Trainee: 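Before I ask anything, let me first share the structure, which is written out below as structure tokens.
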Amino acid sequence: MSLSVEFGLSLPNFHLEIKFDAPAGITAISGPSGAGKTTLINVLAGLVTPDHGHIEAHGRVLFSSHSQVNLKPEQRHVGYIFQDARLFPHLTVMQNLKCGRWFRHLPSDPEAIEKIVTLLGIEHLTTRRPTQLSGGEKQRVAIGRALLSNPDVILADEPLSSLDPERKTDILPYFEMLRDQMHLPIVYVSHDADEVTRLATTHLQLKQGRIQSS
Amino acid sequence: MTDWLSPSEIEAVLLSLKVAFWATILSLPFGIGVGFVLARFEFPGKQVLNGLVHLPLILPPVVTGFILLKLFGTQGPIGSVLKDLGIVIAFSWTGAALAAAIMAFPLMVRAIRLSFEAVDRRLEDTARSLGASPWAVFGMISLPLALPGVVTGSILAFAKAIGEFGATITFVSNIPGETRTLPSAVYSFMQVPGGEESAYRLVVLAIVISMTALLLSEWLAKRVKTVVEGR
């Protein structure tokens, strides 16, 4: 279970030349804001196309300029956890959790749902709508939604930055749990040093468009 | 109602409702499609499409009616083909529905386009990352979230269709029971001595129907918005 990433991308205001491997566990990528962290994640998710490179997850090629492979976001099997939870407002919490499997035409998996819902402590929220949740609850549902879509890789873009400090300490353990129990490569982007120190299996820094280990 | 309105007045009102209903229902899929395309895609000719959609709003209605007559009349390029298939829409109520649909289309598309533009594109990206094909994103995310605008657009189009006069009378004339819709009936009553009273009654009805449609669309759009957003 690993993700290997190598790509180059020129944008008007910066240039990224990225190369790293993410084994199972949390690969934390930190760097100042505006360094291109979100762009990096979006490239992995297939929402931004790099100029050249090769991205592979579990031996499955997601992008390769050499062999002209560029899988669409929906074909990449990545679970993307965003800065803001981005739950679908017209669906209930339960429908949000299930939608990854609907979208992929997979049969419903009540056991997996039950397990994740319990792990994340959101059993009592399943019939609510996103507007009736607090920020921390929303983010937990978003984590569950990403996990239940059966991803090969988890991408998290500053998932705690929109929460107040108390909520952050509430959610951090869930990421530790993901790291220790899910055996998935998790690319975790953050500019918060404490968060990174606590979570990272591997810590990388994005500086001047390049990855440096620290 | 029967005491208050004469049979020919009732006939005109019911015909108007029928014409407007079908005009709205049948143009809705196109309105949603065009509204979505205009809101989400950049392509060569986009401004031309936008212009074509809005043209009936600007053109003199008699011009639109004339063009429809030339295209869909039994001698016209489309009308002659339809005639071979046994469908004649010129001078029939179906033609009135077509004219009303085209005249109401800009209003419908405008409301639908705006509501698609208001849908958070990041939610669409999120759905893609969760495995949704573009069609699934449209059907399960974009369209449900744009529903308030679809409702508003449909009701506005319905109200506009009820009131359509110029293109309708040019294209399908003013045949009692077939194409004499509410506005055409008002016009006819104004032409005959002693018809003023009937005209007044229909004018009041037209105002009531239009006002109700406007209020209903506002109210429904709010209701649907509340339901969609789960507040």
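We name chains A, B, ... by the order of the sequence lines, and we start the count at 1 in each one. Everything quoted here is computed from the prediction, not taken from an experiment. As a basis for the values below, the full set of heavy atoms in this structure was taken, side chains included, without hydrogen atoms, waters or symmetry mates.
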Trainee: Measure across A:Leu87 and B:Leu123 and return the closest heavy-atom pair with its distance rounded to 0.1 Å.
Mentor: O-CD2, 3.6 Å

Trainee: Measuring heavy-atom distances to chain B, does A:Asp84 have an atom under 4.5 Å in its side chain, in its backbone, in both, or in neither?
Mentor: side chain

Trainee: Pick whichever of A:Tyr80, A:Phe82, A:Trp102, A:Phe88 has the most heavy-atom pairs under 4.5 Å with chain B.
Mentor: A:Phe88

Trainee: Chain B: which of A:Gln75, A:Arg104, A:His77, A:Arg101 shares the most heavy-atom pairs with it under 4.5 Å?
Mentor: A:Arg104

Trainee: So which heavy atom on B:Pro134 is nearest to which on A:Glu74, and how close?
Mentor: CD-OE2, 3.3 Å

Trainee: Can you establish whether the number of heavy atoms outside B:Lys225 located under 6.0 Å from its atom NZ is more than 12?
Mentor: no

Trainee: Please classify the contact of A:Arg76 with chain B as side chain, backbone, both or neither, using a heavy-atom distance under 4.5 Å.
Mentor: neither

Trainee: Shorter than 4.5 Å, heavy atoms on both sides: which option in A:His105, A:Arg129, A:Gln132, A:Arg86 has the most such pairs with chain B?
Mentor: A:Arg86

Trainee: Step through the shown structure and confirm whether more than 12 heavy atoms of other residues, nucleotides or ligands are within 6.0 Å of NZ on A:Lys115.
Mentor: no

Trainee: Determine whether A:His90 and B:Ile141 make a side-chain contact, defined as any pair of heavy atoms from C-beta on separated by less than 4.5 Å.
Mentor: yes

Trainee: Considering only heavy atoms, which portion of B:Val227 lies under 4.5 Å from any heavy atom of chain A: side chain, backbone, both, or neither?
Mentor: backbone

Trainee: Would one find more than 12 heavy atoms of other residues, nucleotides or ligands at under 6.0 Å from atom NE2 of A:His191?
Mentor: no

Trainee: Does CE in B:Met211 sit with more than 12 non-hydrogen atoms of other residues, nucleotides or ligands closer than 6.0 Å?
Mentor: no

Trainee: Are the side chains of A:Pro89 and B:Leu145 in contact, using a 4.5 Å heavy-atom criterion?
Mentor: yes

Trainee: Does atom CZ of B:Phe30 have more than 12 heavy-atom neighbours from other groups under 6.0 Å away?
Mentor: no

Trainee: Let me confirm one number: the CZ-CG distance from B:Arg128 to A:Leu47, rounded to the nearest 0.5 Å.
Mentor: 8.0 Å

Trainee: If I take atom CZ from residue A:Arg145 and atom OG1 from residue B:Thr126, how far apart are they, to the nearest 0.5 angstrom?
Mentor: 6.0 Å

Trainee: Nearest 0.5 Å, please: how far is OG in B:Ser129 from CG in A:Leu44?
Mentor: 12.0 Å

Trainee: Taking atom CZ of B:Phe66 as the centre, does the number of heavy atoms from other residues, nucleotides or ligands within less than 6.0 Å exceed 12?
Mentor: no

Trainee: Is it true that, when you exclude A:Lys37 itself, more than 12 heavy atoms of the residues, nucleotides or ligands shown sit nearer than 6.0 Å to its NZ?
Mentor: yes

Trainee: Please classify the contact of A:Leu148 with chain B as side chain, backbone, both or neither, using a heavy-atom distance under 4.5 Å.
Mentor: neither

Trainee: Should the heavy atoms of other residues, nucleotides or ligands under 6.0 Å from CD of A:Glu111 be counted, would the total exceed 12?
Mentor: no

